[in-house]
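Have a look at the structure below, then the notes.
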Amino acid sequence: MNFSIHDFISLDLPAILTALFAALSCSLLGNFLLLRRLSLMGDAISHSVLPGIVVAFLVTGSRLTFPVFIGAAISGILSVFFVELVYKLGRLDTGAAMGVVFSIFFAGGVLLIEQAAARSVDLDADCLLHGQLETIFWYPPNNWSNFLRLDTLSLLPSELTTSAFVFIAAVIFVGAFYKELTLSAFDPGLASALGFHASFLHMGTMVFLAAAVVASFEAVGSILVIAMIICPPACARMYTDRLATQILLSLVFASMSVIGGYFLGAFGPILVGFSHSLNGAGMMAALSGIFLGGSALFAPAYGVLPRAVRRLRLRLFMLEEDVVALLFRWEESENLSDLTVQEISKKLDSTSLLSVALHRLVARREILTNPMKLTESGKTRARSLVRSHRLWESYLVSEGGVAPGRVHDKAEQLEHFTQSELTEKLAQSGHHPTRDPHGRIIP
Amino acid sequence: MGGDELQSIRDVSVVLPSVSEVLNVLTFQAGFNSSLVIVGTTLLGIAAGVIGTFALLRKRALMGDALAHSALPGLAATYLLAEALGFEGKQIVPLLIGAAVSGILGVVSIHCLGKYTRLQEEAAIGAVLSSFFGVGVVLLSAVQYVGSSGGLGHFIYGQTAAMQQFDAVLLACVALVVCAAALLLFKEFSLVCFDPDYAKVGGWPVGAIDLLLMALVTVVTVIGLQAVGMILIVALLIVPPAAARFWTESLPRMIALSMTFGGLSGYFGSAASSLLPRLPAGSIIVLTAGGIFVVSFLFAPERGVLASFRSQLLLRMKIITDHFLRDFYETTERCGTLLSNVIPLKDLSSFQRLSITRRIMLAWWISMAGLGKIRDGKVSLSSRGMENARRLTRSHRLWEEYLQSYTDLLPSHLDYSADFVEHSLSPAIIRNLEEKLAVGGRLDDLAEVPKSLHSIPLSNEEGK
């Protein structure tokens with residue numbers, strides 16, 4: 001493996017930076033689309049730019065970036081316009097409207113490509129889908145001090161400068177209208193009522209989205225564009241409820257996907273003994289999907305597993321309380337026989353979790369097995385629980401007007417969430433009752 | 001047109017086929033291969049049209065999109081696996097199975113992301129679609145270096161013209177299965193499409209029905225992938241049903257129309273592609289479907305754009321005319337010239353308030369409907385116009401009376417509320433109002449126009 005700094009700066013760095021700027025502008029705007037449930041607009045636009053590109057080729061006869069940019073942007077914005085039109089006037093749902101518009105646009109593009117091929121215009125729809133990161137390179141100066149001179153910078157690949165420019169413009173747009181964008185993302189109705197032009201902001205977002213898509217797809221392909229519009233914001237949403245945090249996190253995820261994806265694609269196969277590199281843009285998209293899958297599973301705030309664990313622990317906690325309360329009542333009613341595990345399991349209608357709960361109670365020295373008895377600390381816990389249960393019952397009967405026969409289930413739920421302060425308030429409001437509605441002593 | 005030469009965009013001339021050639025192709029006389037392609041694409045269009053209708057109504061139009069994209073890694077992985085095991089990679093059946101498996105995996109991921117996390121379904125579709133496709137692209141770049149040639153490209157763009165007999169038979173089977181399923185499970189599918197909650201409450205296995213629907217979409221998508229390609233099979237699943245939606249409110253008719261549209265697109269699209277050079281069949285099929293969609297979107301009665309513009313325009317004209325006529329009556333009433341049928345326009349505030357275009361439209365409308373004439377700053381009503389004016393004022397005031405006696409609206413608000421309703425008061429409602437008000441003793445004479453309950457503003461003051 002012959003790796004040199006010069007190769008890296010001329011081949012890898014421009015490609016990474018181009019993809020990075022593209023991904024950052026896409027995910028920056030993607031945050032607002034995600035909240036407005038318009039994420040698939042990126043999908044629609046990135047397929048719809050095809051005819052614009054081909055027409056720009058045919059008209060100018062060149063592969064210059066600027067005319068292609070304009071052509072693609074025009075057809076992207078046209079597609080947004082048509083989607084709105086079909087959605088509003090045709091009364092189809094947005095998904096169907098997007099599907100209709102982008103598939104017709106794309107079909108037109110493929111047809112035009114075929115026509116262009118007859119005129120020996122070399123145009124390949126493949127590179128629009130997959131990107132051509134590999135073709136971006138830069139002849140860097142040999143001398144480090146020449147790096148910042150204007151004439152060397154002007155040799156930077158046009159893909160890089162375009163995507164950097166669009167990123168800066170998108171940042172300025174979002175920065176300038178942050179408050180308005182936030183408001184209209186969460187509540188477009190309120191935004192309009194307060195006098196912000198929600199539709200104007202919407203069109204603005206769409207125009208910038210089209211620009212971001214167009215600036216990106218030539219280098220990184222439309223698939224990476226879609227991935228970067230949707231995946232990093234969706235990832236970030238698993239961690240936070242705050243929009244600003246979400247945006248920052250999404251930018252971090254986008255950068256990680258790009259940089260990680262590039263290295264995995266370029267050097268990963270070589271490290272495992274494969275002789276060729278793999279498609280970088282595809283790897284970035286795949287990586288962003290993996291990040292999303294990982295976040296959906298493991299993110300502390302909204303991940304599936306942490307939420308399941310929290311729910312399980314809560315159930316376990318409540319089961320433990322039910323066990324000590326049951327033992328307390330058993331001893332209170334002066335039953336001569338001792339409770340067996342089977343009887344507890346039957347009374348509490350739980351089998352699988354019960355052994356875990358008993359285990360934990362024993363470990364915390366709150367109960368003794370053989371025979372089942374509460375220890376002193378277990379008794380204290382049980383007493384406060386039964387106290388809050390019975391206080392709730394008397395409160396519900398005296399203040400809530402609930403029939404005495406129906407308060408048990410309600411109190412059974414409430415007892416677990418009642419802190420001692422609340423218990424005292426309950427006791428005060430009932431003038432410190434000594435017996436519950438069923439005639440039992442309140443401990 | 002036959003034999004004429006057509007100038008194309010840039011001097012690449014195209015020789016149009018003769019009428020007999022066109023007929024040959026359309027009647028399957030132009031050779032086995034082109035007939036095969038036409039039959040195959042027609043069948044695909046029919047199958048996609050039928051199942052796409054249910055998908056569209058279930059608001060899952062883009063599910064086909066997700067399926068088609070997430071089939072790619074399965075295709076490429078199967079190819080790589082086969083080559084690694086020493087088999088020929090390009091075998092259609094294993095490839096299609098691989099595609100179906102990864103497509104289903106994608107749909108399941110979308111379902112899980114949408115159900116168990118806070119993501120909305122659109123975002124889940126987009127995320128899965130792009131990351132699966134990303135994996136597919138990575139695997140495709142590995143395919144280039146393995147085996148004979150990177151021959152999987154046609155799954156993205158389609159390779160209709162190279163359709164084999166086997167493919168056509170496969171398409172026929174799929175079309176048959178889909179149509180049979182739609183027929184047998186029509187009740188279940190339509191229930192789930194229109195009211196899944198009701199279906200659930202009624203004890204229907206909504207999940208299983210949904211799954212079956214998605215399975216059928218998967219089959220059509222995977223089979224269609226290699227016929228017309230990824231994006232274009234999505235189009236066949238969405239565009240014909242969307243076009244059919246404009247023509248009817250009845251589901252059986254919508255299905256029939258959608259399958260007709262799909263079939264026609266397949267038929268004419270592939271015929272055109274075999275007759276003219278450089279027309280890729282997939283695109284032409286989709287563009288034909290797109291043409292049908294545009295026509296439906298614009299010209300369908302009732303739901304079409306022009307039809308709804310027309311009905312909106314008619315309603316607006318009716319409202320303007322009604323206000324104008326009532327204003328006429330009330331003005332003559334106020335000036336004490338109740339029976340005269342000519343008054344100057346400047347007295348009519350409802351006319352003064354209109355824009356120039358609306359004034360012209362109103363004048364035209366009134367003379368067209370035989371209600372009267374507007375000329376030289378004066379309006380003269382015909383006897384029919386006079387009668388209409390009287391009737392409109394009467395129904396307006398009857399409604400006001402009704403609101404006054406049966407609701408708690410303030411008199412000052414009556415006029416405003418009655419304004420909205422008066423245009424849609426049918427004779428039956430008017431009779432009903434008369435009876436109610438006569439019983440309540442609020443109406444002295446059934447034939448007369450009741451007195452207004454509020455002062456009628458002077459036109460010149462209000463007009464400015």
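Since the model is a prediction, treat every value here as computed from it, not as a measurement. Order of the sequence lines fixes the chain letters, A, B, ..., with proteins taken first and strands second; residue numbering starts at 1 for each chain.
- Each of P280(B), A300(B), A235(B) has some count of heavy-atom pairs under 4.5 Å with chain A, and the biggest count is that of P280(B).
- Of the atoms belonging to L34(A), it is side-chain heavy atoms, and not backbone ones, that fall under 4.5 Å from chain B.
- Counting heavy atoms from C-beta outward, V100(A) and F297(B) have side chains that stay 4.5 Å or more apart.
- Annotation: the span from S141(B) atom OG to L278(A) atom CG amounts to 4.0 Å, rounded to 0.5 Å.
- In this structure, chain A has heavy atoms under 4.5 Å from both the backbone and the side chain of A127(B).
- Of the atoms belonging to V101(A), not a single heavy atom falls under 4.5 Å from chain B.
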Using the rule given for side chain to side chain contact (heavy atoms under 4.5 Å, CB included), can you reason through V239(B) versus S103(A), listing the C-alpha separation, both sets of side-chain angles and the distance that settles it, and then say yes or no? CA-CA 8 Å; V239(B) 180; S103(A) 54; 3.7 Å; yes
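- Around OH of Y239(A), the count of heavy atoms belonging to other residues, nucleotides or ligands within 6.0 Å exceeds 12.
- Summarising the geometry, atom CG belonging to L111(A) is positioned 6.0 Å from atom CG belonging to L279(B); distances are rounded to the nearest 0.5 Å.
- With a 4.5 Å cut-off on side-chain heavy atoms, I125(B) and D43(A) do not count as touching.
- The side-chain heavy atoms of F106(A) and V234(B), taken from C-beta on, include no pair separated by under 4.5 Å.
- Contact detail for V138(B) and G282(A): the closest heavy-atom pair is CG2-C, 3.3 Å.
- The two residues A285(A) and G134(B) have their closest heavy-atom pair at CB-CA, 3.9 Å.
- For a residue to count as touching a neighbouring chain, one of its non-hydrogen atoms must lie under 4.5 Å from one of that chain's; by this rule V135(B) touches chain A with backbone and side chain alike.
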Using the rule given for side chain to side chain contact (heavy atoms under 4.5 Å, CB included), can you reason through L62(B) versus F102(A), listing the C-alpha separation, both sets of side-chain angles and the distance that settles it, and then say yes or no? CA-CA 11 Å; L62(B) 285 175; F102(A) 86 68; 4.1 Å; yes
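- Contact annotation for I285(B): neither backbone nor side-chain heavy atoms come within less than 4.5 Å of a heavy atom of chain A.
- Taken from CG in L119(B) to CZ in R37(A), the straight-line distance is 11.0 Å, to the nearest 0.5 Å.
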Can you list the steps and then say if I238(B) with M98(A) is a side chain to side chain contact (heavy atoms under 4.5 Å, CB included)? CA-CA 10 Å; I238(B) 302 179; M98(A) 286 180 201; over 6 Å; no
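- Between chain B and the residues L40(A), L89(A), L33(A), the largest count of heavy-atom pairs under 4.5 Å involves L40(A).
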Apply side chain to side chain contact (heavy atoms under 4.5 Å, CB included) to M283(A) and V137(B), showing your working. CA-CA 8 Å; M283(A) 202 59 108; V137(B) 168; over 6 Å; no
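- The nearest pair of heavy atoms linking A296(A) to L113(B) is CB-CD2, 3.9 Å.
- Between A242(B) and L92(A), the closest heavy-atom pair is CB-CD1, 3.8 Å.
- Here the shortest heavy-atom pairing between R91(A) and S308(B) reads NH2-CB, 4.5 Å.
- Remark: Y116(B) OH is loosely packed, at most 12 non-hydrogen atoms of other residues, nucleotides or ligands lying under 6.0 Å away.
- Of all the heavy atoms in S283(B) and V110(A), the pair that sits closest is OG-CG1, 3.2 Å.
- Between D93(A) and R245(B) there is no salt bridge, since no side-chain N of the basic residue sits under 4.0 Å from a carboxylate O of the acidic one.
- Between the SG atom in C112(B) and the CG atom in L297(A) there is a gap of 9.5 Å [rounded to 0.5 Å].
- When G289(A), G265(A), G280(A), A286(A) are compared by the number of non-hydrogen pairs under 4.5 Å with chain B, A286(A) comes out ahead.
- For L129(B), the part lying near chain A is the side chain, with the backbone staying farther off; criterion is any non-hydrogen pair under 4.5 Å.
- Of the listed residues (R118(B), Q120(B), E121(B)), the greatest number of heavy-atom pairs within a distance under 4.5 Å of chain A belongs to R118(B).
- Your options are V304(A), I230(A), L287(A), and the one with the most heavy-atom pairs under 4.5 Å with chain B is I230(A).
- Ranking F246(B), F132(B), F309(B) against chain A, the residue ahead of the rest is F246(B), based on heavy-atom pairs under 4.5 Å.
- Within the model, atoms OG of S130(B) and CG of L292(A) stand 9.0 Å from one another, a figure rounded to the nearest 0.5 Å.
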